[in-house]
Amino acid sequence: MFKNVNIYYRVTIISICIILLNQFFIQYFLHQKKSDAEIINIGGKQRMISQRLLVLGLLELESSDKGRQSDIDHLYKQWLEAHEFLKEKFAPKGFYGDFQLGIQSQLDGLDVFIIKSKNFISKNVVLSEVDKEAFRKNQDSFLFRMNNIVSAIEVHSSEKLQTVIWVEILFALISLFMIYYEITFIFKKINNNLDNKNKALEDSNHMLEQYAYLAAHDLRSPTQNIINFTKLLKRKLETKMDDKEKTYFSFIYDAAQRMNETTEELLKFASINHDTIEITPCQPKKILDNVIQDLKPKIEERKAQIKIGELPDAIQADQQLIHLVFQNLIANGIKFVQKDKTPELTINYSSQQKKHVFHVQDNGIGINSDNQKKIFGLFKRLHNQQEFKGTGIGLSICQKIVEKHNGMISVESEVNEGSTFTFSLPKNMRN
Amino acid sequence: MKKFKNLVFIDDDKPTNVFHSIILEEADICESSTFFSSPIDALEYFKNLSTEDNPTYPDAIFLDINMPEINGWEFLDQYKQLNIPQSPVIIMLTTSLFPKDLQKAKELEIVHKLINKPLEVENLHELNTELISGSIVH
(Lines give C-alpha, C1' and ligand atoms only; values in the text may rest on other atoms or scores of the structure.)
Protein backbone atom coordinates (compact mmCIF):
# COMPACT_ATOMS: atom_id res chain seq x y z
CA MET A 1 0.00 0.00 0.00
CA PHE A 2 2.67 2.45 1.13
CA LYS A 3 4.91 1.41 -1.75
CA ASN A 4 2.09 2.13 -4.20
CA VAL A 5 1.59 5.60 -2.78
CA ASN A 6 5.30 6.25 -3.26
CA ILE A 7 5.10 5.25 -6.92
CA TYR A 8 2.07 7.47 -7.28
CA TYR A 9 3.96 10.49 -5.97
CA ARG A 10 7.02 9.70 -8.08
CA VAL A 11 4.99 9.45 -11.25
CA THR A 12 3.22 12.71 -10.42
CA ILE A 13 6.54 14.52 -9.90
CA ILE A 14 8.06 13.06 -13.07
CA SER A 15 5.07 14.04 -15.17
CA ILE A 16 5.08 17.56 -13.76
CA CYS A 17 8.82 17.79 -14.55
CA ILE A 18 8.29 16.59 -18.10
CA ILE A 19 5.46 19.05 -18.65
CA LEU A 20 7.61 21.89 -17.26
CA LEU A 21 10.61 20.81 -19.33
CA ASN A 22 8.41 20.71 -22.39
CA GLN A 23 7.20 24.22 -21.63
CA PHE A 24 10.80 25.34 -21.16
CA PHE A 25 11.80 23.86 -24.52
CA ILE A 26 8.86 25.48 -26.26
CA GLN A 27 9.67 28.86 -24.70
CA TYR A 28 13.38 28.51 -25.45
CA PHE A 29 12.84 27.63 -29.08
CA LEU A 30 10.22 30.33 -29.53
CA HIS A 31 12.81 32.78 -28.25
CA GLN A 32 15.41 31.28 -30.61
CA LYS A 33 12.98 31.55 -33.48
CA LYS A 34 12.39 35.21 -32.62
CA SER A 35 16.10 35.96 -32.49
CA ASP A 36 16.65 34.00 -35.76
CA ALA A 37 13.96 36.08 -37.41
CA GLU A 38 15.64 39.22 -36.08
CA ILE A 39 18.99 38.10 -37.50
CA ILE A 40 17.43 37.26 -40.86
CA ASN A 41 15.85 40.68 -40.81
CA ILE A 42 19.18 42.34 -40.07
CA GLY A 43 20.76 40.23 -42.83
CA GLY A 44 18.15 41.52 -45.27
CA LYS A 45 18.80 45.08 -44.16
CA GLN A 46 22.55 44.62 -44.60
CA ARG A 47 21.87 43.44 -48.13
CA MET A 48 19.78 46.53 -48.80
CA ILE A 49 22.41 48.82 -47.32
CA SER A 50 25.15 47.29 -49.39
CA GLN A 51 23.03 47.59 -52.56
CA ARG A 52 22.40 51.22 -51.77
CA LEU A 53 26.13 51.68 -51.16
CA LEU A 54 26.75 50.21 -54.61
CA VAL A 55 24.25 52.55 -56.28
CA LEU A 56 25.52 55.58 -54.38
CA GLY A 57 29.11 54.57 -55.03
CA LEU A 58 28.56 54.19 -58.77
CA LEU A 59 26.72 57.50 -58.92
CA GLU A 60 29.50 59.18 -56.94
CA LEU A 61 32.10 57.68 -59.22
CA GLU A 62 30.33 58.50 -62.49
CA SER A 63 28.73 61.83 -61.76
CA SER A 64 30.53 65.13 -61.54
CA ASP A 65 28.26 66.12 -58.70
CA LYS A 66 30.13 64.83 -55.61
CA GLY A 67 27.75 65.43 -52.69
CA ARG A 68 27.05 61.85 -51.58
CA GLN A 69 30.11 61.21 -49.43
CA SER A 70 28.37 61.85 -46.09
CA ASP A 71 25.46 59.52 -47.09
CA ILE A 72 27.96 56.85 -48.05
CA ASP A 73 29.84 57.29 -44.80
CA HIS A 74 26.62 57.11 -42.88
CA LEU A 75 25.52 53.91 -44.68
CA TYR A 76 28.95 52.43 -44.25
CA LYS A 77 28.86 53.14 -40.52
CA GLN A 78 25.37 51.63 -40.29
CA TRP A 79 26.51 48.55 -42.14
CA LEU A 80 29.62 48.15 -39.98
CA GLU A 81 27.62 48.42 -36.75
CA ALA A 82 25.10 45.79 -37.88
CA HIS A 83 27.98 43.68 -39.10
CA GLU A 84 29.69 43.80 -35.68
CA PHE A 85 26.37 42.96 -34.08
CA LEU A 86 25.95 39.90 -36.32
CA LYS A 87 29.52 38.76 -35.69
CA GLU A 88 28.84 39.04 -31.99
CA LYS A 89 25.62 37.05 -32.43
CA PHE A 90 27.45 34.27 -34.21
CA ALA A 91 30.19 33.87 -31.64
CA PRO A 92 30.91 30.10 -31.57
CA LYS A 93 29.12 29.13 -28.36
CA GLY A 94 26.13 27.09 -27.14
CA PHE A 95 24.46 24.04 -28.55
CA TYR A 96 24.94 25.07 -32.21
CA GLY A 97 28.56 26.26 -31.76
CA ASP A 98 29.82 24.69 -35.04
CA PHE A 99 27.14 26.35 -37.08
CA GLN A 100 27.77 29.69 -35.37
CA LEU A 101 31.48 29.40 -36.15
CA GLY A 102 30.73 28.66 -39.81
CA ILE A 103 28.49 31.70 -40.13
CA GLN A 104 30.95 33.89 -38.25
CA SER A 105 33.83 32.96 -40.54
CA GLN A 106 31.67 33.72 -43.57
CA LEU A 107 30.75 37.07 -42.03
CA ASP A 108 34.42 37.79 -41.41
CA GLY A 109 35.11 37.61 -45.13
CA LEU A 110 32.43 40.20 -45.90
CA ASP A 111 34.37 43.20 -44.46
CA VAL A 112 36.92 42.84 -47.23
CA PHE A 113 34.34 43.43 -49.96
CA ILE A 114 32.79 46.45 -48.29
CA ILE A 115 36.18 48.00 -47.48
CA LYS A 116 37.22 47.39 -51.07
CA SER A 117 34.09 49.22 -52.39
CA LYS A 118 34.62 52.03 -49.92
CA ASN A 119 38.18 52.38 -51.09
CA PHE A 120 37.03 52.63 -54.69
CA ILE A 121 34.65 55.41 -53.77
CA SER A 122 37.01 57.33 -51.49
CA LYS A 123 39.72 57.38 -54.17
CA ASN A 124 37.42 59.96 -55.75
CA VAL A 125 38.81 59.46 -59.18
CA VAL A 126 37.12 58.81 -62.44
CA LEU A 127 37.24 55.04 -62.83
CA SER A 128 38.02 53.24 -65.97
CA GLU A 129 35.43 50.80 -67.36
CA VAL A 130 37.65 47.97 -66.10
CA ASP A 131 37.64 49.38 -62.57
CA LYS A 132 33.89 49.89 -62.76
CA GLU A 133 33.49 46.28 -63.80
CA ALA A 134 35.71 45.16 -60.92
CA PHE A 135 33.63 47.28 -58.52
CA ARG A 136 30.40 45.65 -59.77
CA LYS A 137 31.91 42.19 -59.55
CA ASN A 138 33.11 42.88 -56.04
CA GLN A 139 29.57 43.92 -55.10
CA ASP A 140 28.04 40.91 -56.84
CA SER A 141 30.22 38.41 -54.99
CA PHE A 142 29.53 40.27 -51.77
CA LEU A 143 25.76 40.04 -52.35
CA PHE A 144 26.09 36.39 -53.33
CA ARG A 145 27.86 35.57 -50.07
CA MET A 146 25.38 37.66 -48.15
CA ASN A 147 22.53 35.66 -49.72
CA ASN A 148 24.27 32.42 -48.84
CA ILE A 149 24.63 33.46 -45.23
CA VAL A 150 21.01 34.56 -44.91
CA SER A 151 19.65 31.42 -46.51
CA ALA A 152 21.97 29.24 -44.37
CA ILE A 153 20.53 30.95 -41.28
CA GLU A 154 17.02 30.46 -42.62
CA VAL A 155 17.57 26.76 -43.28
CA HIS A 156 19.19 26.33 -39.89
CA SER A 157 16.32 28.10 -38.19
CA SER A 158 13.68 25.97 -39.83
CA GLU A 159 15.69 22.83 -39.04
CA LYS A 160 15.79 23.92 -35.44
CA LEU A 161 12.03 24.42 -35.52
CA GLN A 162 11.57 20.93 -36.93
CA THR A 163 13.67 19.50 -34.10
CA VAL A 164 11.60 21.42 -31.59
CA ILE A 165 8.43 20.01 -33.08
CA TRP A 166 9.76 16.47 -32.77
CA VAL A 167 11.04 16.96 -29.25
CA GLU A 168 7.75 18.52 -28.32
CA ILE A 169 5.75 15.64 -29.81
CA LEU A 170 7.97 13.18 -27.95
CA PHE A 171 7.53 15.02 -24.68
CA ALA A 172 3.82 15.36 -25.18
CA LEU A 173 3.58 11.60 -25.79
CA ILE A 174 5.60 10.86 -22.67
CA SER A 175 3.42 13.22 -20.64
CA LEU A 176 0.27 11.67 -22.06
CA PHE A 177 1.55 8.23 -21.22
CA MET A 178 2.42 9.35 -17.71
CA ILE A 179 -1.00 10.91 -17.26
CA TYR A 180 -2.63 7.75 -18.58
CA TYR A 181 -0.55 5.65 -16.19
CA GLU A 182 -1.40 8.00 -13.39
CA ILE A 183 -5.13 7.89 -14.10
CA THR A 184 -5.22 4.12 -14.37
CA PHE A 185 -3.17 3.97 -11.22
CA ILE A 186 -5.58 6.24 -9.38
CA PHE A 187 -8.60 4.38 -10.73
CA LYS A 188 -6.99 1.09 -9.89
CA LYS A 189 -6.43 2.36 -6.39
CA ILE A 190 -10.01 3.59 -6.17
CA ASN A 191 -11.21 0.25 -7.54
CA ASN A 192 -9.01 -1.61 -5.12
CA ASN A 193 -10.37 0.48 -2.30
CA LEU A 194 -13.90 -0.21 -3.48
CA ASP A 195 -13.14 -3.90 -3.79
CA ASN A 196 -11.68 -3.95 -0.31
CA LYS A 197 -14.65 -2.09 1.07
CA ASN A 198 -17.03 -4.44 -0.73
CA LYS A 199 -15.11 -7.38 0.63
CA ALA A 200 -15.26 -5.95 4.14
CA LEU A 201 -18.99 -5.32 3.75
CA GLU A 202 -19.53 -8.84 2.48
CA ASP A 203 -17.53 -10.23 5.35
CA SER A 204 -19.42 -8.21 7.90
CA ASN A 205 -22.74 -9.17 6.28
CA HIS A 206 -21.68 -12.77 6.34
CA MET A 207 -20.66 -12.45 9.97
CA LEU A 208 -23.99 -10.85 10.84
CA GLU A 209 -25.81 -13.63 9.04
CA GLN A 210 -23.74 -16.21 10.86
CA TYR A 211 -24.44 -14.41 14.09
CA ALA A 212 -28.19 -14.27 13.39
CA TYR A 213 -28.12 -17.91 12.39
CA LEU A 214 -26.28 -19.03 15.52
CA ALA A 215 -28.33 -16.83 17.82
CA ALA A 216 -31.58 -18.05 16.31
CA HIS A 217 -30.36 -21.60 16.32
CA ASP A 218 -29.29 -21.52 19.93
CA LEU A 219 -32.52 -19.81 20.97
CA ARG A 220 -34.63 -22.53 19.42
CA SER A 221 -34.01 -25.27 21.97
CA PRO A 222 -34.67 -23.12 25.06
CA THR A 223 -37.86 -21.63 23.59
CA GLN A 224 -38.97 -25.07 22.53
CA ASN A 225 -38.37 -26.23 26.10
CA ILE A 226 -40.45 -23.37 27.51
CA ILE A 227 -43.26 -24.28 25.14
CA ASN A 228 -43.04 -27.99 25.93
CA PHE A 229 -42.97 -27.64 29.68
CA THR A 230 -45.61 -24.91 29.76
CA LYS A 231 -47.86 -27.17 27.76
CA LEU A 232 -47.08 -30.05 30.06
CA LEU A 233 -47.68 -28.05 33.24
CA LYS A 234 -50.87 -26.59 31.84
CA ARG A 235 -52.16 -30.06 31.08
CA LYS A 236 -51.28 -31.33 34.56
CA LEU A 237 -52.52 -28.31 36.47
CA GLU A 238 -55.44 -27.19 34.29
CA THR A 239 -58.09 -28.59 36.64
CA LYS A 240 -56.50 -26.94 39.65
CA MET A 241 -56.05 -23.49 38.11
CA ASP A 242 -58.46 -20.56 38.33
CA ASP A 243 -59.15 -18.32 35.31
CA LYS A 244 -56.47 -15.79 36.19
CA GLU A 245 -53.80 -18.46 36.48
CA LYS A 246 -54.90 -19.94 33.18
CA THR A 247 -54.55 -16.50 31.55
CA TYR A 248 -51.02 -16.12 32.97
CA PHE A 249 -50.14 -19.50 31.63
CA SER A 250 -51.43 -18.63 28.20
CA PHE A 251 -49.35 -15.44 28.29
CA ILE A 252 -46.23 -17.51 28.89
CA TYR A 253 -47.21 -19.99 26.24
CA ASP A 254 -48.11 -17.37 23.60
CA ALA A 255 -44.93 -15.42 24.26
CA ALA A 256 -42.79 -18.52 23.91
CA GLN A 257 -44.69 -19.51 20.79
CA ARG A 258 -44.05 -16.07 19.24
CA MET A 259 -40.40 -16.23 20.19
CA ASN A 260 -40.24 -19.63 18.59
CA GLU A 261 -41.81 -18.37 15.36
CA THR A 262 -39.44 -15.41 15.25
CA THR A 263 -36.36 -17.53 15.79
CA GLU A 264 -37.56 -20.00 13.18
CA GLU A 265 -38.11 -17.24 10.62
CA LEU A 266 -34.81 -15.62 11.50
CA LEU A 267 -33.11 -18.96 11.07
CA LYS A 268 -34.69 -19.30 7.64
CA PHE A 269 -33.65 -15.76 6.74
CA ALA A 270 -30.05 -16.29 7.86
CA SER A 271 -29.73 -19.66 6.20
CA ILE A 272 -30.47 -18.27 2.72
CA ASN A 273 -26.99 -17.74 1.40
CA HIS A 274 -25.61 -17.63 -2.05
CA ASP A 275 -23.60 -20.80 -1.52
CA THR A 276 -26.68 -22.66 -0.40
CA ILE A 277 -28.91 -21.86 -3.33
CA GLU A 278 -29.37 -24.73 -5.69
CA ILE A 279 -30.63 -23.99 -9.17
CA THR A 280 -32.55 -26.81 -10.80
CA PRO A 281 -35.37 -26.94 -13.35
CA CYS A 282 -38.61 -26.74 -11.37
CA GLN A 283 -42.28 -26.53 -12.19
CA PRO A 284 -44.11 -23.50 -10.78
CA LYS A 285 -47.41 -25.37 -10.90
CA LYS A 286 -46.03 -28.11 -8.66
CA ILE A 287 -44.52 -25.59 -6.27
CA LEU A 288 -47.85 -23.76 -5.95
CA ASP A 289 -49.73 -27.00 -5.38
CA ASN A 290 -47.35 -27.86 -2.56
CA VAL A 291 -47.66 -24.37 -1.08
CA ILE A 292 -51.47 -24.59 -1.14
CA GLN A 293 -51.22 -27.99 0.50
CA ASP A 294 -48.99 -26.52 3.24
CA LEU A 295 -51.35 -23.60 3.77
CA LYS A 296 -54.49 -25.75 3.74
CA PRO A 297 -55.46 -25.07 7.40
CA LYS A 298 -55.17 -21.30 6.87
CA ILE A 299 -57.00 -21.43 3.53
CA GLU A 300 -59.83 -23.44 5.03
CA GLU A 301 -60.02 -21.27 8.13
CA ARG A 302 -60.55 -18.10 6.05
CA LYS A 303 -62.34 -19.88 3.16
CA ALA A 304 -59.80 -18.21 0.90
CA GLN A 305 -60.17 -18.48 -2.86
CA ILE A 306 -57.02 -18.88 -4.87
CA LYS A 307 -56.99 -18.57 -8.65
CA ILE A 308 -53.94 -19.60 -10.58
CA GLY A 309 -53.44 -18.30 -14.11
CA GLU A 310 -51.24 -19.72 -16.86
CA LEU A 311 -47.81 -20.70 -15.65
CA PRO A 312 -44.63 -21.69 -17.49
CA ASP A 313 -43.89 -25.42 -17.55
CA ALA A 314 -40.47 -25.05 -16.01
CA ILE A 315 -38.16 -22.37 -14.65
CA GLN A 316 -34.56 -22.44 -13.42
CA ALA A 317 -34.59 -21.70 -9.68
CA ASP A 318 -34.07 -23.09 -6.21
CA GLN A 319 -37.30 -25.00 -5.76
CA GLN A 320 -37.41 -24.91 -1.97
CA LEU A 321 -36.64 -21.20 -1.82
CA ILE A 322 -39.23 -20.27 -4.45
CA HIS A 323 -41.66 -22.41 -2.49
CA LEU A 324 -40.87 -20.19 0.49
CA VAL A 325 -41.50 -17.01 -1.55
CA PHE A 326 -44.92 -18.18 -2.74
CA GLN A 327 -45.74 -19.49 0.72
CA ASN A 328 -44.99 -16.15 2.37
CA LEU A 329 -46.78 -14.08 -0.29
CA ILE A 330 -49.88 -16.28 -0.32
CA ALA A 331 -49.97 -16.57 3.49
CA ASN A 332 -49.77 -12.75 3.68
CA GLY A 333 -52.52 -12.46 1.08
CA ILE A 334 -54.77 -14.61 3.23
CA LYS A 335 -53.76 -13.00 6.52
CA PHE A 336 -53.93 -9.30 5.72
CA VAL A 337 -57.59 -9.20 4.72
CA GLN A 338 -60.40 -7.54 6.67
CA LYS A 339 -61.90 -10.11 9.06
CA ASP A 340 -65.35 -9.93 7.42
CA LYS A 341 -64.04 -10.36 3.88
CA THR A 342 -63.28 -13.54 1.98
CA PRO A 343 -59.64 -13.51 0.86
CA GLU A 344 -59.36 -13.75 -2.92
CA LEU A 345 -55.97 -14.31 -4.41
CA THR A 346 -54.86 -14.46 -8.03
CA ILE A 347 -51.50 -15.75 -9.13
CA ASN A 348 -50.46 -14.67 -12.60
CA TYR A 349 -47.43 -15.00 -14.77
CA SER A 350 -46.03 -12.86 -17.55
CA SER A 351 -43.02 -13.65 -19.65
CA GLN A 352 -40.49 -10.97 -20.51
CA GLN A 353 -37.58 -11.31 -22.88
CA LYS A 354 -35.05 -12.12 -20.18
CA LYS A 355 -37.15 -12.87 -17.13
CA HIS A 356 -40.09 -14.71 -15.65
CA VAL A 357 -42.47 -12.40 -13.81
CA PHE A 358 -44.92 -13.67 -11.20
CA HIS A 359 -47.73 -11.62 -9.67
CA VAL A 360 -49.55 -12.46 -6.42
CA GLN A 361 -52.63 -10.28 -6.11
CA ASP A 362 -54.91 -10.07 -3.08
CA ASN A 363 -58.03 -8.16 -2.04
CA GLY A 364 -56.70 -7.31 1.39
CA ILE A 365 -56.23 -4.20 3.48
CA GLY A 366 -53.51 -2.81 1.20
CA ILE A 367 -50.42 -0.82 2.10
CA ASN A 368 -50.18 2.97 1.93
CA SER A 369 -47.54 4.37 -0.37
CA ASP A 370 -45.27 5.50 2.51
CA ASN A 371 -44.97 1.96 3.77
CA GLN A 372 -44.65 0.17 0.45
CA LYS A 373 -40.88 0.32 0.42
CA LYS A 374 -40.46 -0.30 4.13
CA ILE A 375 -42.29 -3.61 4.23
CA PHE A 376 -39.34 -5.54 2.83
CA GLY A 377 -37.17 -4.44 5.77
CA LEU A 378 -36.25 -7.01 8.38
CA PHE A 379 -38.68 -7.05 11.37
CA LYS A 380 -40.84 -4.39 9.69
CA ARG A 381 -44.38 -4.76 10.92
CA LEU A 382 -47.23 -2.34 10.23
CA HIS A 383 -49.75 -3.81 12.63
CA ASN A 384 -49.81 -4.90 16.25
CA GLN A 385 -50.06 -8.55 17.25
CA GLN A 386 -53.76 -8.15 18.15
CA GLU A 387 -54.64 -7.01 14.64
CA PHE A 388 -52.41 -9.34 12.65
CA LYS A 389 -49.91 -11.77 14.11
CA GLY A 390 -46.49 -12.02 12.56
CA THR A 391 -42.76 -11.71 12.89
CA GLY A 392 -41.98 -9.11 10.21
CA ILE A 393 -39.45 -11.39 8.57
CA GLY A 394 -41.52 -13.04 5.83
CA LEU A 395 -41.12 -10.35 3.16
CA SER A 396 -37.43 -9.91 3.98
CA ILE A 397 -37.03 -13.62 3.31
CA CYS A 398 -38.88 -13.20 -0.02
CA GLN A 399 -36.69 -10.27 -1.00
CA LYS A 400 -33.51 -12.06 -0.02
CA ILE A 401 -34.45 -15.17 -1.97
CA VAL A 402 -35.44 -13.21 -5.08
CA GLU A 403 -32.25 -11.14 -4.90
CA LYS A 404 -30.15 -14.28 -4.50
CA HIS A 405 -31.67 -15.31 -7.81
CA ASN A 406 -30.68 -11.89 -9.27
CA GLY A 407 -34.35 -10.99 -9.52
CA MET A 408 -36.48 -8.14 -8.19
CA ILE A 409 -39.51 -7.94 -5.93
CA SER A 410 -41.92 -5.03 -5.62
CA VAL A 411 -45.41 -4.19 -4.51
CA GLU A 412 -48.25 -2.12 -5.90
CA SER A 413 -51.05 -1.44 -3.52
CA GLU A 414 -54.04 0.67 -2.65
CA VAL A 415 -55.38 0.93 0.88
CA ASN A 416 -58.53 -1.18 1.37
CA GLU A 417 -58.36 -2.38 -2.24
CA GLY A 418 -55.57 -4.93 -2.07
CA SER A 419 -51.95 -5.44 -3.06
CA THR A 420 -50.08 -7.04 -5.90
CA PHE A 421 -46.64 -8.42 -5.18
CA THR A 422 -44.54 -8.89 -8.28
CA PHE A 423 -41.28 -10.76 -8.42
CA SER A 424 -39.04 -11.56 -11.34
CA LEU A 425 -36.50 -14.31 -11.89
CA PRO A 426 -33.94 -14.28 -14.71
CA LYS A 427 -34.52 -16.87 -17.40
CA ASN A 428 -30.86 -17.76 -17.77
CA MET A 429 -30.19 -18.75 -14.17
CA ARG A 430 -27.05 -20.74 -13.61
CA ASN A 431 -25.96 -22.44 -10.42
CA MET B 1 -50.39 -53.20 21.80
CA LYS B 2 -46.98 -54.79 21.45
CA LYS B 3 -44.31 -52.71 23.11
CA PHE B 4 -40.76 -51.85 22.15
CA LYS B 5 -38.14 -53.53 24.32
CA ASN B 6 -35.91 -50.51 24.61
CA LEU B 7 -35.73 -47.09 22.97
CA VAL B 8 -32.49 -45.07 22.94
CA PHE B 9 -32.57 -41.29 22.95
CA ILE B 10 -29.47 -39.26 22.13
CA ASP B 11 -29.83 -35.51 22.69
CA ASP B 12 -27.46 -33.08 24.37
CA ASP B 13 -30.37 -30.99 25.64
CA LYS B 14 -31.34 -32.38 29.04
CA PRO B 15 -34.77 -30.70 29.32
CA THR B 16 -35.66 -32.23 25.95
CA ASN B 17 -34.65 -35.64 27.27
CA VAL B 18 -36.80 -35.11 30.36
CA PHE B 19 -39.69 -34.00 28.18
CA HIS B 20 -39.29 -37.00 25.93
CA SER B 21 -39.21 -39.34 28.93
CA ILE B 22 -42.52 -37.86 30.10
CA ILE B 23 -44.07 -38.22 26.65
CA LEU B 24 -42.70 -41.75 26.43
CA GLU B 25 -44.36 -42.59 29.72
CA GLU B 26 -47.65 -41.12 28.52
CA ALA B 27 -47.47 -42.97 25.21
CA ASP B 28 -46.72 -46.24 27.01
CA ILE B 29 -45.09 -47.96 24.07
CA CYS B 30 -41.89 -49.38 25.52
CA GLU B 31 -40.61 -51.62 28.29
CA SER B 32 -37.55 -49.52 28.91
CA SER B 33 -35.70 -46.48 27.62
CA THR B 34 -32.09 -45.28 27.65
CA PHE B 35 -31.15 -41.61 27.47
CA PHE B 36 -27.79 -40.15 26.50
CA SER B 37 -26.92 -36.49 26.64
CA SER B 38 -23.55 -37.22 25.06
CA PRO B 39 -23.26 -38.93 21.67
CA ILE B 40 -19.78 -40.17 22.66
CA ASP B 41 -21.29 -42.04 25.61
CA ALA B 42 -23.91 -43.45 23.30
CA LEU B 43 -21.22 -44.75 20.92
CA GLU B 44 -19.50 -46.41 23.88
CA TYR B 45 -22.84 -48.03 24.81
CA PHE B 46 -23.26 -49.41 21.27
CA LYS B 47 -19.68 -50.72 21.21
CA ASN B 48 -20.35 -52.81 24.29
CA LEU B 49 -23.84 -53.87 23.31
CA SER B 50 -24.29 -57.63 23.39
CA THR B 51 -26.80 -58.98 20.94
CA GLU B 52 -27.38 -62.38 22.51
CA ASP B 53 -30.36 -62.77 24.77
CA ASN B 54 -30.40 -59.14 25.64
CA PRO B 55 -33.81 -58.20 27.01
CA THR B 56 -33.01 -54.50 26.59
CA TYR B 57 -31.63 -54.67 23.06
CA PRO B 58 -32.78 -51.34 21.54
CA ASP B 59 -35.45 -51.35 18.84
CA ALA B 60 -34.90 -47.77 17.81
CA ILE B 61 -32.54 -44.85 18.25
CA PHE B 62 -33.84 -41.29 18.41
CA LEU B 63 -30.90 -39.16 17.37
CA ASP B 64 -30.73 -35.38 17.58
CA ILE B 65 -28.98 -33.74 14.62
CA ASN B 66 -27.52 -30.70 16.30
CA MET B 67 -25.17 -31.59 19.11
CA PRO B 68 -21.96 -29.86 20.20
CA GLU B 69 -19.47 -32.74 20.49
CA ILE B 70 -20.33 -34.55 17.31
CA ASN B 71 -23.51 -33.89 15.42
CA GLY B 72 -26.08 -36.51 14.47
CA TRP B 73 -24.59 -37.09 11.02
CA GLU B 74 -21.07 -37.52 12.40
CA PHE B 75 -22.47 -39.88 15.02
CA LEU B 76 -23.95 -41.96 12.21
CA ASP B 77 -20.60 -42.17 10.41
CA GLN B 78 -18.93 -43.57 13.51
CA TYR B 79 -21.91 -45.75 14.37
CA LYS B 80 -21.80 -47.37 10.92
CA GLN B 81 -18.17 -48.39 11.51
CA LEU B 82 -19.26 -50.41 14.55
CA ASN B 83 -21.02 -52.78 12.11
CA ILE B 84 -23.71 -53.69 14.54
CA PRO B 85 -25.31 -56.84 13.11
CA GLN B 86 -28.90 -56.10 14.11
CA SER B 87 -29.00 -52.38 13.92
CA PRO B 88 -31.92 -50.66 15.59
CA VAL B 89 -34.11 -48.39 13.49
CA ILE B 90 -32.71 -44.86 13.42
CA ILE B 91 -34.97 -41.82 13.68
CA MET B 92 -33.37 -38.39 13.36
CA LEU B 93 -34.69 -35.51 15.44
CA THR B 94 -34.39 -31.83 14.63
CA THR B 95 -35.83 -28.58 15.91
CA SER B 96 -36.60 -27.29 12.45
CA LEU B 97 -37.31 -29.17 9.29
CA PHE B 98 -34.52 -27.84 7.14
CA PRO B 99 -34.97 -28.93 3.55
CA LYS B 100 -31.29 -29.90 3.38
CA ASP B 101 -31.52 -32.08 6.49
CA LEU B 102 -34.64 -33.72 5.13
CA GLN B 103 -32.84 -34.40 1.87
CA LYS B 104 -29.87 -35.91 3.68
CA ALA B 105 -32.12 -38.08 5.85
CA LYS B 106 -33.83 -39.38 2.71
CA GLU B 107 -30.52 -40.15 1.03
CA LEU B 108 -29.14 -42.13 3.96
CA GLU B 109 -30.48 -45.66 3.87
CA ILE B 110 -29.76 -46.22 7.53
CA VAL B 111 -32.17 -43.42 8.58
CA HIS B 112 -35.79 -44.46 8.87
CA LYS B 113 -37.21 -40.95 9.07
CA LEU B 114 -36.73 -37.41 10.29
CA ILE B 115 -39.11 -36.04 12.92
CA ASN B 116 -39.49 -32.49 14.15
CA LYS B 117 -38.75 -32.03 17.84
CA PRO B 118 -40.33 -32.36 20.34
CA LEU B 119 -41.84 -35.80 19.95
CA GLU B 120 -45.55 -35.97 20.63
CA VAL B 121 -47.50 -38.95 21.97
CA GLU B 122 -49.04 -39.29 18.48
CA ASN B 123 -45.60 -39.54 16.85
CA LEU B 124 -44.70 -42.42 19.16
CA HIS B 125 -47.96 -44.26 18.60
CA GLU B 126 -47.54 -43.85 14.88
CA LEU B 127 -44.00 -45.23 15.06
CA ASN B 128 -45.13 -48.12 17.17
CA THR B 129 -47.71 -49.19 14.61
CA GLU B 130 -45.29 -48.55 11.76
CA LEU B 131 -42.38 -50.50 13.18
CA ILE B 132 -43.83 -53.31 15.23
CA SER B 133 -46.54 -54.28 12.76
CA GLY B 134 -44.11 -53.91 9.87
CA SER B 135 -41.07 -56.00 9.12
CA ILE B 136 -38.51 -53.37 10.00
CA VAL B 137 -37.91 -54.48 13.59
CA HIS B 138 -35.60 -57.41 13.67
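Sequence lines set the chain letters: A, B, ... in the order given, protein chains first and strands last, and positions in each chain run from 1.
- Rounded to the nearest 0.5 Å, atoms CZ (A:Arg235) and CD1 (B:Ile22) are 9.0 Å apart.
- Proximity to chain B is limited to the side chain of A:Asn225, based on heavy atoms less than 4.5 angstrom apart.
- Other residues, nucleotides and ligands contribute at most 12 non-hydrogen atoms within 6.0 Å of the NZ atom of B:Lys14.
- The 12-atom threshold is exceeded at NZ of A:Lys427, counting heavy atoms of other residues, nucleotides or ligands nearer than 6.0 Å.
- To the nearest 0.5 Å, atom CG of residue B:Asp13 and atom CD of residue A:Gln224 are 10.0 Å apart.
- Few gaps surround NZ on B:Lys113; more than 12 heavy atoms of other groups in view lie less than 6.0 Å from it.
- Within a 6.0 Å radius of OH in A:Tyr248, other residues, nucleotides and ligands contribute 12 heavy atoms or fewer.
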